[in-house]
Amino acid sequence: MSQQSARATVRVFANPGSWIESDALVQCDQVAALDGMIRVAGMPDLHPGKGAPIGAAMLSSVLYPFLVGSDIGCGIAVFPIRIKRPNLERIAGRFPDLDRALTPDAPEWPDDIPAGHTDSLATVGRGNHFVELARIDSVLQPTGLAKGDLVLIVHSGSRGLGESILRAHTEVHGAGPAADPGAYLRAHDDAVRWGSLNRRLMAARVGRALGAEVGAPVVDECHNLVEVRDGLYLHRKGAARGDSREVLVAGTRGTPSYLVAAHAGAEANWSVAHGAGRKMSRSDALRRGKAKHTVAELRRTKVGSLVVCGDRQLLFEEAPTAYKRIEQVIGDLEAHGLATPVAVTVPLVTYKTRGQR
DNA sequence: ATGTAC
């Protein structure tokens, strides 16, 4: 039935010294064997995901919804924010409740909500998602930001909307291709717009709660989506658009993040990493973290930042030591000519969740 | 990563 064709290429853009979990490489090979697959590019933050690798851009003539996963539209946005004399304790205490959905009486309530999906609007979600007040620690290359400027970094996606889109497909077709790519893409595009709106609404909520002026985003890059390029489908799963633009590559809740000028070409599927990448599974991070860290040191980090996280389990799962070193990921991007560092941000206050769960 | 069930 399936015709014989040249197998897709797999290339991982990491230096030999950068450890990549072997399960993630196996997943890349499995993806490469899919019908229609042309080129799999693993980013230096590559790690195993649920059925498909995270930190990968996968170019194919066939559209596979499972390669993007449930959080369609997830991305990272950076907003300039002005606060006169930031008091971290006070800011942490005044952060809005981003676990609770926006209500229509809020001043931020938008006129146009993609897919009419109002559930969980302007909420951050869980997992690796966060909203962070950060300071520009150094500027390495001319850009619109200056040393000392404050920014709000928002990493979040489409919450239940993307999940429902993937589920609708999976219930009928499992890990198979989209039977009607156009229909999938129309729903998908709504989720991508919803994710971007979600990040803007959260920034606005934080600005209002802190009495701070929030500017238009200087970066807003989605790293989970399907991009149609020359009639082919480029599946991004934790891989940001990397062709001639600035992207924020997130560190961890307690280490710096990097704004980079991305200039990735076809061989890297026009992509760059989206973050530090997990070094261990959530269960390992919880087990090892409990032996290694106290809750107090995870809530007040080595760089002096505060982490608002009422959920102790999530705090351990998201510990900086559960992730690769961001400097190594950035070094790998540089070494392969995919990106050049532009500015370094250091966290001041990171919001994860108020709740206990 | 998610909403929901356990």
Side-chain angles (χ1 to χ4, degrees), chain A residues 23-24 27 43 45-56 58 64-77 97-102 114-132 153-171 174-175 184 187-188 190-199 202 221-226 235-240 250 252-253 273-286 309-311 313-319 322-323 350-357:
Chain A
D23 287 358
Q27 287 183 334
M43 297 295 114
D45 57 341
L46 184 73
H47 58 283
K50 193 178 167 184
I54 302 172
M58 300 155 278
Y64 295 98
F66 88 99
L67 292 182
V68 171
S70 63
D71 199 5
I72 304 162
C74 186
I76 298 180
D97 185 348
L98 299 176
D99 303 312
R100 186 167 296 192
L102 200 68
H117 186 81
T118 57
D119 290 357
S120 304
L121 190 63
T123 62
V124 64
R126 301 184 76 87
N128 60 354
H129 292 173
F130 64 87
V131 176
E132 179 173 285
I153 303 170
V154 181
H155 178 189
S156 186
S158 62
R159 311 290 282 108
L161 179 58
E163 197 273 338
S164 69
I165 293 165
L166 178 66
R167 182 157 34 82
H169 168 84
T170 306
E171 277 171 358
Y184 169 82
H188 156 285
D190 277 341
V192 170
R193 282 198 301 275
W194 202 98
S196 182
L197 173 65
N198 199 36
R199 294 186 283 277
M202 277 187 274
E221 280 309 318
C222 175
H223 49 238
N224 288 357
L225 86 167
V226 180
H235 307 76
R236 299 182 175 283
K237 177 64 175 168
T252 71
R253 287 357 86 216
H274 77 313
R278 293 200 75 83
K279 191 168 68 181
M280 60 183 87
S281 68
R282 291 188 173 276
S283 52
D284 282 351
L286 183 61
C309 185
D311 182 337
Q313 178 172 328
L314 184 60
L315 203 52
F316 286 112
E317 288 175 0
E318 290 289 312
Y323 284 84
T350 306
Y351 181 99
K352 292 291 290 178
T353 177
R354 285 256 176 249
Q356 206 69 67
R357 187 164 167 114

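Every chain is numbered from 1, with letters handed out A, B, ... down the list of sequences. These figures come from a predicted structure and were not determined experimentally.
- The two residues A/Lys352 and A/Val124 come nearest to each other via the heavy atoms O-CG1, 3.6 Å.
- Separating the CG atom of A/Asp119 from the P atom of B/dG3 is a distance of 8 Å, rounded to the nearest angstrom.
- Between A/Ile165 atom CD1 and B/dT2 atom P there is a gap of 14 Å when expressed in whole angstrom units.
- A/Arg159 has a side-chain polar atom (N or O) that falls below the 4.0 Å cut-off from OP1 or OP2 of B/dG3.
- Remark: A/Arg278 engages A/Glu318 in a salt bridge, criterion side-chain N to carboxylate O under 4.0 Å.
- A salt bridge (charged side-chain N to carboxylate O under 4.0 Å, His left out) check over residues 155-166 of chain A, counting only residues at least two apart or in different chains, returns the pairs A/Glu163-A/Arg167.
- Between A/Ile72 atom CD1 and B/dG3 atom P the separation is 13 Å, expressed in whole Å.
- When the salt bridge (charged side-chain N to carboxylate O under 4.0 Å, His left out) test is applied to A/Arg199, the partners found at least two apart in sequence or on another chain are A/Asp220.
- In this structure, CZ of A/Arg100 is placed 16 Å from P of B/dG3, rounded to the nearest angstrom.
- For B/dA1, the OP1/OP2 oxygens have a side-chain nitrogen or oxygen of A/Asn128 closer than 4.0 Å.
- To the nearest angstrom, P of B/dA1 lies 17 Å from CG of A/Leu98.
- Taking atom NE2 of residue A/His274 and atom P of nucleotide B/dA1, one finds them 8 Å apart after rounding to whole Å.
- Here the P atom of nucleotide B/dA1 and the CG atom of A/Leu225 are 16 Å apart, to the nearest Å.
- Rounded to a whole Å, the NE2 atom of A/His129 is 11 Å from the P atom of B/dG3.
- Phosphate proximity of B/dA1 to A/Arg282: present, with a side-chain N or O under 4.0 Å from OP1 or OP2.
- Distances shown here put every side-chain N or O of A/Arg126 at or beyond 4.0 Å from the OP1 or OP2 atom of B/dA1.
- Remark: A/Ser120 is in phosphate contact with B/dG3, judged by side-chain N or O atoms under 4.0 Å from OP1 or OP2.
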